[in-house]
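Residue indices begin at 1 and follow the sequence shown.
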Amino acid sequence: VFWSSPTSGVTPTNIGIGILYRLEDTQDVWLEGNRNTVNYNPDVIIVGTATGFEKKRFLVQFESIPAACTSIKWAQLYVYFAYSNRPSWLTPKQAPDLSRTLQVHQVLVQWSESQATSVYRQTSPALLPWSQPYLALDGTDAVWYPQDSFTMSQQPSSYIPFDVTEASRNWLKGDPNNGLLVWATNENDQGTDLRFFSRRQQSGTPPFINVVCSY
């Protein structure tokens, strides 16, 4: 799978099969309970449930697809898996490493990185709740079916790819670009949670989307 090195801005690159654009992460946040988490642990975005804590999902949004792109061949989301987190006071038996299947859904409503919680997508100037906590996957907050899935099991730290071609084509056709939701299908099973680097982490491995457009 072809992925581009970090660049600044949406710069076209001819890769022989089309024009590659790298879309940078413009906002991301993980959802847990009634608090906004962006300043709690700004370096990561999280999915799953660590033993003794509430479940977590994350939202991520990207730059717009350039107008020069008129037809998309494929689009791939990359999020960098950092580590599995076990609360330090618990044993592996109390908080086991779980295999978790992650799914990605196109988000249909606006949200604010600095305000979103599991209950609200925006708290100012108006209080706007999700249709149900953590987003309803029924065509209201997010598209009901996933764009793609990936099963994590003893995964080394690396970029994890998801096919988001359909969502990207929808944005190109005029759907509002409200980003993507990532969650684990067994998110209610307690064990370790999965932590990915956010755009605020200084490692140079933020989330991004590669879009390949036709010539």
Colleague: Could you check whether any side-chain N or O of Thr140 sits under 3.5 Å from a backbone N or O of Asp138, counting only pairs where one atom can act as donor and the other as acceptor?
Modeller: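 Not at all, since once roles are kept as given, no pair shorter than 3.5 Å links the two residues.
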Colleague: Can you check whether Val109 reaches Trp130 side chain to side chain, under 4.5 Å on heavy atoms?
Modeller: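 In short, these two side chains touch, coming nearer than 4.5 Å.
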Colleague: How about CD on Gln110, more than 12 heavy atoms from neighbouring residues, nucleotides or ligands closer than 6.0 Å, or not?
Modeller: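 For Gln110, atom CD is not crowded (no more than 12 foreign heavy atoms under 6.0 Å).
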Colleague: Apply side-chain contact (heavy atoms from CB on, under 4.5 Å) to Pro133 and list each qualifying residue two or more places apart in sequence or on a separate chain.
Modeller: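 Expected list: none.
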Colleague: Any non-hydrogen side-chain atom of Lys55 less than 4.5 Å from a side-chain atom of Asn188?
Modeller: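 With C-beta onward as the side chain, the pair touches.
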Colleague: Hydrophobic cluster membership, with links at side-chain heavy-atom distances under 4.5 Å among I/L/V/M/F/W/Y: are Leu194 and Ile46 in one?
Modeller: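 The answer is yes; both residues are in one hydrophobic cluster.
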Colleague: Mark yes or no for whether Arg200, through its side chain, and Pro42, through its backbone, hold a donor-acceptor pair below 3.5 Å.
Modeller: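 The answer is yes, because a donor-acceptor pair under 3.5 Å joins these two groups.
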Colleague: Mind checking the OG-CD spacing from Ser84 to Gln155? Nearest 0.5 Å is all I need.
Modeller: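 The OG atom of Ser84 sits 9.0 Å away from the CD atom of Gln155.
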Colleague: Name all residues meeting the side-chain contact (heavy atoms from CB on, under 4.5 Å) criterion together with Asp175; count only those two or more places apart in sequence or in a different chain, and write none if there are none.
Modeller: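 Applying side-chain contact (heavy atoms from CB on, under 4.5 Å) to Asp175 gives Gln106, Asn170, Trp171.
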Colleague: Do Ser157 side-chain atoms and Ala82 backbone N/O form a donor-acceptor pair below 3.5 Å?
Modeller: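 At least one qualifying donor-acceptor pair exists.
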Colleague: In Å and rounded to the nearest 0.5 Å, what is the CH2 to SG distance from Trp74 to Cys213?
Modeller: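 Trp74 atom CH2 to Cys213 atom SG measures 10.0 Å (nearest 0.5 Å).
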Colleague: Restricting to non-hydrogen atoms, name the atom on Pro161 and the atom on Gln76 that form the minimum distance, rounded to 0.1 Å.
Modeller: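 What the structure gives for the nearest pair is CB-NE2, 3.3 Å.
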Colleague: Do Asn186 side-chain atoms and Ser99 backbone N/O form a donor-acceptor pair below 3.5 Å?
Modeller: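 Side chain of Asn186 to backbone of Ser99, a donor-acceptor pair under 3.5 Å: yes, one is there.
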Colleague: Is there a side-chain contact between Ile15 and Val212, using heavy atoms and a 4.5 Å cut-off?
Modeller: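 Side-chain contact under 4.5 Å: yes.
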Colleague: Let me confirm one number: the CD-CG distance from Gln201 to Asp25, rounded to the nearest 0.5 Å.
Modeller: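 Those atoms lie 12.5 Å apart.
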Colleague: Is there a donor-acceptor pair closer than 3.5 Å between any side-chain N or O of Asp148 and the backbone N or O of Phe162?
Modeller: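 Not confirmed, Asp148 side chain does not pair with Phe162 backbone.
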Colleague: Looking just at side-chain N and O atoms, do Trp183 and His105 make a donor-acceptor pair shorter than 3.5 Å?
Modeller: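 Yes, a side-chain donor-acceptor pair sits under 3.5 Å.
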Colleague: Do Leu77 and Leu137 sit in one hydrophobic cluster, given that two such residues count as connected whenever their side-chain heavy atoms are within less than 4.5 Å of each other, even indirectly?
Modeller: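 Different hydrophobic clusters.
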Colleague: For the residue pair Ser168 and Ile65, what are the closest heavy atoms and their distance?
Modeller: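 Result for this residue pair: O-CD1, 3.3 Å.
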Colleague: Could you state whether Leu180 and Ile72 fall into the same hydrophobic cluster, counting links through intermediate Ile, Leu, Val, Met, Phe, Trp or Tyr residues with side-chain heavy atoms under 4.5 angstrom apart?
Modeller: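 Yes, Leu180 connects to Ile72 through the hydrophobic network.
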Colleague: Looking only at side-chain N and O atoms, does Asp141 offer a donor or acceptor that is under 3.5 Å from a partner on Ser131?
Modeller: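 Yes - a donor-acceptor pair under 3.5 Å links their side chains.
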Colleague: Are Tyr21 and Cys69 packed together at the side-chain level, in the sense that at least one heavy-atom pair is separated by less than 4.5 angstrom?
Modeller: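 In short, these two side chains touch, coming nearer than 4.5 Å.
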Colleague: Begin with the C-alpha distance, continue with both residues' side-chain angles, and end with the deciding distance and a verdict on side chain to side chain contact (heavy atoms under 4.5 Å, CB included) for Tyr145 and Glu166.
Modeller: CA-CA 11 Å; Tyr145 55 88; Glu166 181 178 338; 2.3 Å; yes
Colleague: Between Asn178 and Leu108, is there a donor-acceptor pair closer than 3.5 Å when you use the side chain of the first and the backbone of the second?
Modeller: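 The answer is yes, because a donor-acceptor pair under 3.5 Å joins these two groups.
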Colleague: Any chain of hydrophobic side-chain contacts (each under 4.5 Å) joining Val119 to Leu31?
Modeller: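 Different clusters: Val119 never reaches Leu31 through Ile, Leu, Val, Met, Phe, Trp or Tyr contacts under 4.5 Å.
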Colleague: Closest heavy-atom contact between Pro207 and Val79?
Modeller: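 So the two residues come closest at CB-CG1, 3.9 Å.
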Colleague: Is the distance between the ring centroids of Phe196 and Phe58 less than 6.0 Å?
Modeller: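 When the ring centroids of Phe196 and Phe58 are compared, they turn out to be within the sub-6.0 Å range.
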Colleague: Got a second to check how far Lys73's NZ is from Arg169's CZ, nearest 0.5 Å?
Modeller: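 Lys73 NZ to Arg169 CZ: 11.0 Å, rounded to 0.5 Å.
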Colleague: Connecting only ILVMFWY residues whose side-chain heavy atoms lie within less than 4.5 Å of each other, what is the rest of Phe53's hydrophobic cluster?
Modeller: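 Once heavy-atom contacts under 4.5 Å are chained together, Phe53 belongs with Trp89, Leu90.
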Colleague: Do Asn36 and Val29 make a side-chain contact, defined as non-hydrogen atoms from C-beta onward lying under 4.5 Å apart?
Modeller: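 Side-chain contact under 4.5 Å: yes.
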Colleague: I want to check a possible cation-pi pair here: Arg195 against Tyr83, using under 6.0 Å from ring centre and within 45° of the ring axis as the test.
Modeller: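 Not satisfied by the 6.0 Å and 45° rule.
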Colleague: Between Gln115 and Gln122, do the side chains contain an N or O donor and an N or O acceptor separated by less than 3.5 Å?
Modeller: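 Per modelled atom types, Gln115 and Gln122 side chains form no pair under 3.5 Å.
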Colleague: Taking Gln61 for its side chain and Asn177 for its backbone only, find out whether a donor-acceptor pair lies under 3.5 Å.
Modeller: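 Checked: pair present.
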Colleague: Between Lys56 and Glu54, does any side-chain N to carboxylate O distance fall below 4.0 Å?
Modeller: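 No, this pair does not count.
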Colleague: Is a side-chain N or O of Thr37 found less than 3.5 angstrom from the main chain of Trp30, in a donor-acceptor match?
Modeller: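 It does hold such a pair.
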Colleague: List the atom of Asp28, the atom of Ser198, and the distance in Å for their closest heavy-atom pair.
Modeller: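 Answer, listing the atom of Asp28 first, then Ser198: OD1-CB, 3.3 Å.
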Colleague: Report the C-alpha separation of Gln103 and Val182 in whole Å, then their side-chain angles, then the decisive distance to 0.1 Å, and conclude whether the side chain to side chain contact (heavy atoms under 4.5 Å, CB included) test is met.
Modeller: CA-CA 6 Å; Gln103 293 190 341; Val182 180; over 6 Å; no
Colleague: Quick check: closest heavy atoms across Thr192 and Ala95, and the distance to 0.1 Å?
Modeller: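 That would be CG2-O, 3.7 Å.
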Colleague: Working to the nearest 0.5 Å, report the span between CD of Gln147 and OG1 of Thr165.
Modeller: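 Those atoms lie 8.0 Å apart.
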Colleague: Hydrophobic clustering (ILVMFWY, side-chain heavy atoms < 4.5 Å, transitive) - are Leu98 and Val47 grouped together?
Modeller: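 Unlinked, Val47 and Leu98 end up in two clusters.
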Colleague: Checking Arg35 against Tyr40: charged group under 6.0 Å from the ring centre and within 45 degrees of the axis?
Modeller: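 Geometry flag: set, cation within 6.0 Å and 45°.
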Colleague: Dump the intermediate steps for side chain to side chain contact (heavy atoms under 4.5 Å, CB included) on Phe150 and Val104, then the final yes or no.
Modeller: CA-CA 9 Å; Phe150 189 97; Val104 180; over 6 Å; no
Colleague: Would Thr49 and Asp193 satisfy side chain to side chain contact (heavy atoms under 4.5 Å, CB included), going step by step from the backbone distance to the final call?
Modeller: CA-CA 5 Å; Thr49 303; Asp193 60 34; over 6 Å; no
Colleague: How close do Ile160 and Phe81 get, heavy atom to heavy atom, and via which atoms?
Modeller: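 Shortest heavy-atom separation between Ile160 and Phe81 comes out as CG1-CB, 3.9 Å.
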Colleague: Return the CD to CZ distance between Glu63 and Phe208, rounded to the nearest 0.5 Å.
Modeller: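 Glu63 atom CD to Phe208 atom CZ measures 12.0 Å (nearest 0.5 Å).
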Colleague: Thr101 and Ser149: side-chain donor and acceptor closer than 3.5 Å?
Modeller: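 On atom types as modelled, these side chains do not qualify, holding no pair under 3.5 Å.
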Colleague: Within the distance-only criterion (no hydrogens, no angle test), does the side chain of Arg121 pair as donor or acceptor with the backbone N or O of Leu135 below 3.5 angstrom?
Modeller: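 Checking the backbone N and O of Leu135 against the side chain of Arg121, no donor-acceptor pair under 3.5 Å is found.
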Colleague: Taking NZ, NE, NH1 and NH2 as the nitrogens, is one of them in Glu187 or Arg57 under 4.0 Å from a carboxylate oxygen of the other?
Modeller: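 Yes, charged N to carboxylate O under 4.0 Å.
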Colleague: Does Asp97 pair with Arg86 as a salt bridge, N-O distance under 4.0 Å?
Modeller: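 Arg86 and Asp97: salt-bridged.
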Colleague: Can any side-chain N or O of Gln190 pair as donor or acceptor with the backbone N or O of Gly52 at less than 3.5 Å?
Modeller: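 A pair under 3.5 Å: yes.
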Colleague: Could you check whether any side-chain heavy atom of Leu59 comes within less than 4.5 Å of a side-chain heavy atom of Ser112, counting everything from C-beta outward?
Modeller: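 Not in contact.
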Colleague: Side-chain contact, heavy-atom cut-off 4.5 Å: Val211 with Leu20?
Modeller: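 No; the side chains remain at least 4.5 Å from each other.
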Colleague: For Asn34 and Tyr120, test the side chains for any donor-to-acceptor distance below 3.5 angstrom and give the result as yes or no.
Modeller: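 No, because no side-chain N or O of Asn34 sits under 3.5 Å from a partner of the opposite role on Tyr120.
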